[in-house]
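Heads up, the thing below is written out as structure tokens.
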Amino acid sequence: QVQLMESGGGLVQAGGSLRLSCAASGPSIYTMGWFRQAPGKEREFVAAISGGGITVYADSVKGRFTISRGNARNTLYLQMNSLKPEDTAVYYCAAMRSVTTPPRAARDYDYWGQGTQVTVSS
């Protein structure tokens, strides 16, 4: 069983930066990812990283966000730079069994955190 807990959300002005963290309990061989959900919208893929370090990004965040894992591999990070108002959402950490290339579909992930709010003001 894997338990996930996000932290690091908050309010930031457009153009600013935030770093989200996700603390994971359980085996460290999982593929992990970040998703986000804005009010009235479906949950959408942001970025993911495999156990082997392969990363995948949504086009909307490519070049601005960076996903990484801590040295102990039980912590997941999302460095968010050049934030835009449209990045405002609840951000969720997710995990699934280890795969070579991380999937983008939320339905493929088995474990979810409770989310952390990110608000970007214009």
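Predicted, not measured: the structure shown is a model, and the values here were computed from it.
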Compare all side-chain heavy atoms of [X] with those of [Y] and state whether any distance is below 4.5 angstrom.
X      : Y      : value
Arg36  : Asp87  : yes
Pro103 : Phe45  : no
Trp112 : Cys93  : no
Ser50  : Thr100 : no

To check you understand the geometry: which heavy-atom pair defines the closest contact between [X] and [Y], and what is its length?
X      : Y     : value
Ala95  : Met32 : CB-CG, 4.1 Å
Gly51  : Thr31 : N-OG1, 4.2 Å
Leu78  : Ala47 : CD1-CB, 4.4 Å
Ser17  : Asn81 : OG-OD1, 2.9 Å
Asp110 : Arg97 : OD2-N, 4.1 Å

Check: [Y] main-chain N/O paired with [X] side-chain donor or acceptor under 3.5 Å:
X     : Y      : value
Thr88 : Val120 : yes
Glu6  : Gln114 : yes
Tyr30 : Ala94  : no
Arg64 : Ser82  : yes

Linked, directly or transitively: [X] and [Y] (ILVMFWY side chains, under 4.5 Å):
X     : Y      : result
Ile67 : Tyr109 : no
Leu76 : Tyr111 : yes
Val90 : Leu20  : no
Val61 : Trp34  : yes

With rounding to the nearest 0.5 angstrom, report the [atom1] to [atom2] distance, [X] to [Y].
X      : Y      : atom1 : atom2 : result
Ser25  : Asn74  : OG    : CG    : 9.0 Å
Met80  : Arg19  : CE    : CZ    : 11.5 Å
Thr119 : Leu11  : OG1   : CG    : 6.0 Å
Gln13  : Ser122 : CD    : OG    : 9.5 Å

query: For Gln3, which residues count as a side chain to side chain donor-acceptor pair (under 3.5 Å) partner, sequence neighbours excluded?
result: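 Counting only residues at least two positions away or on another chain, Gln3 forms no side chain to side chain donor-acceptor pair (under 3.5 Å).
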- request: For Lys62, enumerate each residue passing the salt bridge (Lys or Arg N to Asp or Glu O under 4.0 Å) test, keeping only those at least two apart in sequence or located in another chain.
  value: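 Partners of Lys62 by the salt bridge (Lys or Arg N to Asp or Glu O under 4.0 Å) criterion, ordered by chain and then number, come out as Asp59.
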- request: Please list all pairs passing the ring pair (Phe, Tyr, Trp, His ring centres under 6.0 Å) test where one or both residues lie in residues 49-92, with sequence neighbours left out.
  value: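 Ring pair (Phe, Tyr, Trp, His ring centres under 6.0 Å) check on residues 49-92 returns no pairs.
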